[in-house]
Undergrad: 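Pasting a structure below so you can have a look.
Just follow the structure's listing: the first ligand is 1, and inside any ligand the first atom is 1. Numbers here are sequence positions counted from 1.
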Amino acid sequence: MRRIGILTAGGDTPAMNATIHGAVVRANQLKVEVFGLIKGFNSLFNPRVPHVHLNPLYQEIPEIDPTKGGTMIGSSRDFVDPEKKAELDLIASRLERLGIEGLICVGGDGTLNGLQPLAERLPTVLAPKTIDNGLGLNYPNEPDEWARVKDPEAKGGFHYVHRASQAVFDLEYMVNYVTPGYATAVFVSAGGVERIRTTAESHRRIAIIEVMGRHSGYIALGSAYGRPDAILVPEHPLDLEHLVDRVKQLYDLQKNVVIVCGEGIVDNQGRELGAETKTTDPAGNIALSGAAEALRHKFIHMIGDRYFQLYRRGNSAREAIFTRKVGHTQRGGRPILFDRFYAAQLGAKAVELLLEGHNNSVATLQYDSKKGFYVDGYDANRFRDRWGYIHARHMYPAFYDPNLMKPSRIGIDYLLPIFSDAIGEDDME
Ligand code: F6P
């Protein structure tokens with residue numbers, strides 16, 4: 001292979017430029033040209049395939065800065081439709097005309113789904129990214145646990161349900177232990193939680209902090225590093241009575257409470273609290289808003305004004321309970337050391353996989369208690385369920401203790417290898 005393409009797709013993360021950097025550095029060593037395709041899959045729909053040569057004379061262009069968040073070649077949530085065969089043929093011929101012999105996509109589960117029909121036309125490899133930690137498998141047979149239910153309202157006429165697992169779980173069998181972008185998102189969220197605590201303390205307030213992750217509680221789980229009093233994750237339906245009791249207990253004790261909630265938390269009917277204003281993006285992903293606000297309204301109603309008046313904390317529950325979203329700050333800015341380092345390695349691995357002749361492969365970050373983290377390759381077909389669909393990974397439910405509303409022992413064991421040495425000296429303020 002003499003020339004390959006690279007594109008970044010889906011929501012940005014702090015570590016995408018680091019992945020591009022790792023890929024280009026490795027390509028330079030292997031004397032392969034790299035063309036960066038502008039704006040994700042969108043570039044492939046444009047007959048001119050907007051692109052930039054990232055390593056003229058096998059030297060990376062100076063604009064590739066692995067310490068900068070976002071993606072220098074742009075991203076979009078455009079989607080390759082497997083049904084549009086003519087469009088796919090057109091894409092393949094456009095890439096061929098550019099002399100591109102293999103394609104690396106830096107993306108998550110949506111990108112990997114988009115890559116499936118393209119992999120039938122040219123060699124492709126995915127280098128993972130997503131702050132949600134959603135590209136991966138908690139255990140190798142996880143795709144077999146999905147069931148499909150007819151649903152005329154869902155995209156494609158079906159929705160998917162994840163059945164209870166019978167798997168014997170082992171941290172070392174996780175496929176793609178962690179995705180670049182996750183560590184930085186957790187670092188920022190945990191920092192936000194710590195900062196909000198001081199306002200909650202000073203003003204005797206209850207803070208509800210919403211973090212991203214869609215239907216996955218991994219970011220919420222990691223926010224434990226910011227020492228919130230309770231964490232709520234989408235994988236465990238909300239037990240409102242239990243939560244309110246706990247909030248009152250804590251308020252009695254310390255006169256402030258800090259709660260973290262994942263944006264995708266659900267009630268005991270499985271309804272998303274933040275789904276009141278739900279919309280979908282072009283790839284069909286649900287955009288959630290307002291889980292924290294919805295929870296605040298429930299608290300106002302259940303705890304009531306009188307409770308706060310007794311504590312001489314103003315006149316109303318409305319004043320005492322506030323919400324904040326960490327929002328896109330958890331997705332932007334400088335990647336921390338863990339993300340920079342492994343994102344670059346995964347970019348390099350993606351190049352190697354292509355050159356070794358793999359097709360429809362995924363560069364993964366594996367964990368072994370003896371050798372630590374190492375990069376590997378995994379066949380993308382093994383991520384597919386029996387209907388061919390690749391699902392976003394959700395947090396492994398046992399990582400969370402629903403009674404304590406905190407990471408469980410095994411959840412802590414999961415987080416430790418990532419965060420024990422994740423931050424470089426120059427990452428701190
Ligand atoms: O998938 C990454 C993610 O940041 C989710 O955690 C979040 O729900 C979504 O993207 C937000 O998307 P957008 O930036 O398009 O609003």
Undergrad: Is Gly213 close to ligand 1, meaning an N/O of one under 3.5 Å from an N/O of the other?
TA: yes

Undergrad: For atom 1 (O) of ligand 1, state which one of Asn133, Asp109, Asp132 supplies the nearest heavy atom.
TA: Asp132

Undergrad: Please say whether more than 12 non-hydrogen atoms of neighbouring residues, nucleotides or ligands are located less than 6.0 Å from CZ in Arg48.
TA: no

Undergrad: Have a look at Met212, Glu263, His328, Arg77 and point out the one with the heavy atom closest to atom 10 (O) of ligand 1.
TA: Arg77

Undergrad: Record the part of Ile131 in heavy-atom contact with ligand 1 below 4.0 Å; permitted values are side chain, backbone, both and neither.
TA: side chain

Undergrad: Checking Val168 now: which residues fulfil side chain to side chain contact (heavy atoms under 4.5 Å, CB included) with it, not counting sequence neighbours?
TA: none

Undergrad: Test side-chain contact (heavy atoms from CB on, under 4.5 Å) on Ile423 and Phe187 and set out the steps.
TA: CA-CA 9 Å; Ile423 303 162; Phe187 177 69; 3.5 Å; yes

Undergrad: Give every residue pair that meets the salt bridge (Lys or Arg N to Asp or Glu O under 4.0 Å) criterion with at least one member in residues 220-245, sequence neighbours excluded.
TA: Glu194-Arg227, Arg197-Asp229

